Amino acid sequence: MTTHIRPQPGIMDIALYEGGASHVAGRTDAIKLSSNENPFGPSDKAKDAFVKCAHTMHRYPSTDHARLRTAIGEVHGLDPDRIICGAGSDEIIHLLCQSFVGHRDEVVFTEHGFLMYRIATQAAGGTPVQVAERERTTDVDAILAACTKKTKLVFLANPNNPTGTMIGLAELEHLAAGLPKGVLLVVDGAYAEYVEGYDGGAELATRLPNVFMTRTFSKIYGLGGLRVGWGYGPREVIDILNRIRGPFNLSTAQLETSEAAVRDQDWVNKCRDDNTRLRAWLAEALAEKGVPSDTSTANFILARFASEEEATACDAYLKTEGIIVRRVAGYNLPNCLRITVGDEPSCRRVAHLIGVFKAGGAGPQE
Ligand SMILES: *Cc1c(COP(=O)(O)O)cnc(C)c1O
């Protein structure tokens with residue numbers, strides 16, 4: 001049977017997103033270090049708020065998310081009227097592309113940039129434009145050089161996933177200042193909370209008319225399974241996004257839980273401190289075993305191996321030992337493995353096993 005139903009241009013070019021694996025066949029005790037999740041989970045206050053929602057599930061949720069936006073505004077010192085909330089920052093990224101990108105418009109991002117930028121661009125019929133990085137670090141002038149009359153959006157994760165590197169606010173401002181008129185710079189701050197004293201681009205997005213910031217509850221807040229993210233930027237942009245946002249895009253449980261989470265900054269600070277300490281330990285332990293990495297500013301390390309073959313073999317070995325890390329060949333980094341900073345026993349275990357592997361003690365890998 002043939003069907004004459006055809007999708008919009010670009011849809012069939014989209015490669016399905018592959019998330020970090022979460023299981024090893026035949027094991028129930030696998031340690032998952034593949035999705036940059038907070039090993040300590042969410043704050044107790046967030047969990048309590050979630051449980052309470054069970055009693056009000058028959059009611060439709062708020063459509064304007066006023067209470068959550070107010071809480072975010074208070075915690076970050078931002079105008080709640082310039083905030084929009086969505087089902088993960090994924091939804092915000094999609095809303096941006098749906099709103100600003102049409103057939104053949106261009107969207108610029110870096111060579112090791114987050115896969116969702118490409119997917120959302122193609123879903124909107126746009127053309128992804130990938131820009132080279134310099135030593136796995138954003139090259140602002142290369143981004144500026146890639147912009148054309150067709151460019152509508154520039155996506156930049158800072159810190160970036162999966163490289164873990166970041167650029168400073170002065171460079172971000174230089175980028176914003178150099179963009180052609182009509183191009184919106186989207187600074188993705190999914191890992192901003194891991195950087196002490198960094199506002200994720202909030203101040204730039206407050207002051208400059210062409211900067212938009214996205215944030216998420218999926219990483220340091222430990223709520224990846226809940227699906228809540230938010231965006232902040234010019235009032236006009238928020239107004240545009242709200243016109244296509246589903247009125248009930250967030251459930252009561254999502255709203256109440258993330259509101260309790262954002263108000264518990266003690267938990268965020270504790271998780272940042274733990275991550276900073278364990279990340280430094282893990283990076284040094286791996287370097288001692290002959291596996292270097294760039295200085296990470298996020299909750300993961302991009303471990304560099306001698307070759308694609310070695311990275312593949314190490315990934316296979318870790319799996320047989322019940323540890324799941326992330327292959328990043330899909331991010332043009334075939335010789336690397338991205339390893340989430342877990343709790344202390346997980347960090348010790350993965351470092352130990354990689355040491356065994358590098359010392360040739362892992363046995364033949366089929
Ligand atoms: C994990 C991540 C996000 C978060 O996506 P959610 O949809 O909010 O879970 C956004 N951007 C980058 C670069 C990420 O790594």
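Please read these numbers as outputs of a predicted model, since none were measured by experiment. We use all heavy atoms of the structure for the numbers below, so side chains are in, but hydrogens, waters and symmetry mates are not. Ligands are counted one by one from 1 in listed order, and the atoms in each one are counted from 1 as well.
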Subject >> Proximity of Arg227 to ligand 1 by residue part, where a heavy atom lies under 4.0 Å >> reply: side chain
Original post:
Between Arg207 and Glu173, is there a salt bridge with N-O shorter than 4.0 Å?
Top reply: yes
Original post:
Looking at ligand 1, does Asn36 have a heavy atom less than 4.0 Å from it?
Top reply: no
**OP:** May I ask you to say whether Glu91 pairs ionically with Arg245, meaning some side-chain N is under 4.0 Å from a carboxylate O?
**Re:** no
Original post:
Got a salt bridge between Arg326 and Asp315, using NZ or NE/NH1/NH2 to carboxylate O under 4.0 Å?
Top reply: no
Contacts under 3.5 angstrom, residues 68-75 side chains, donor-acceptor by atom type, not counting sequence neighbours:
residue: Arg69; atom: NE; partner: Asp64; partner atom: O; Å: 2.8
residue: Arg69; atom: NH1; partner: Pro80; partner atom: O; Å: 2.6
residue: Arg69; atom: NH2; partner: Asp64; partner atom: O; Å: 3.1
residue: Thr70; atom: OG1; partner: Ala66; partner atom: O; Å: 2.8
residue: Glu74; atom: OE1; partner: Arg263; partner atom: NH1; Å: 3.1

Original post:
Going by the order shown, which atoms of ligand 1 are within less than 4.0 Å of some heavy atom of Asp90?
Top reply: 5 (O), 7 (O)
Anything under 3.5 Å between a donor and an acceptor, one on a side chain of residues 47-55, the other on a protein residue two or more places apart or in another chain? List them.
none

**OP:** Heavy-atom contacts with Asn161 under 4.0 Å: which atoms of ligand 1 show up? List them by number with element.
**Re:** 13 (C), 14 (C), 15 (O)
**OP:** List the closest protein heavy-atom neighbour of atom 11 (N) of ligand 1: residue, atom name, distance to the nearest 0.1 Å.
**Re:** Asp188 OD2, 2.6 Å
Original post:
At a 4.0 Å threshold, what atoms of ligand 1 neighbour a non-hydrogen atom of Lys219?
Top reply: 1 (C), 2 (C), 3 (C), 4 (C), 14 (C), 15 (O)
Subject >> Under-4.0 Å heavy-atom contact with ligand 1, by part of Ser218 that carries it >> reply: side chain
Original post:
Would you call the rings of Tyr117 and Phe114 parallel, tilted or perpendicular, where under 30° means parallel and over 60° means perpendicular?
Top reply: perpendicular
Original post:
Considering only the protein, which heavy-atom contact is closest to atom 4 (C) of ligand 1, and what is its distance?
Top reply: Ser89 OG, 3.3 Å
Subject >> SB check Arg277 Asp273 (cutoff 4.0 Å) >> reply: no
Subject >> Pair Lys152 + Asp105, salt bridge at N-O below 4.0 Å >> reply: yes
Original post:
Which bit of Tyr191 is near ligand 1, meaning a heavy atom under 4.0 Å away: side chain, backbone, both or neither?
Top reply: side chain
Subject >> Mutual orientation of the aromatic rings belonging to Phe40 and Trp267 [parallel < 30°, tilted 30-60°, perpendicular > 60°] >> reply: perpendicular
**OP:** Give a yes/no on ligand 1: does Gly229 have at least one heavy atom closer than 4.0 angstrom to it?
**Re:** no
**OP:** Just jot down the ligand 1 atoms closer than 4.0 angstrom to any heavy atom of Ala190, in number order.
**Re:** 2 (C), 3 (C), 10 (C), 11 (N), 12 (C), 14 (C)
Original post:
Counting each atom of ligand 1 from 1 as listed, which ones have a heavy atom of Gly88 under 4.0 Å away?
Top reply: 6 (P), 7 (O), 8 (O)
Original post:
With a 4.0 Å heavy-atom cut-off (strictly under), which part of Glu91 contacts ligand 1: side chain, backbone, both or neither?
Top reply: neither
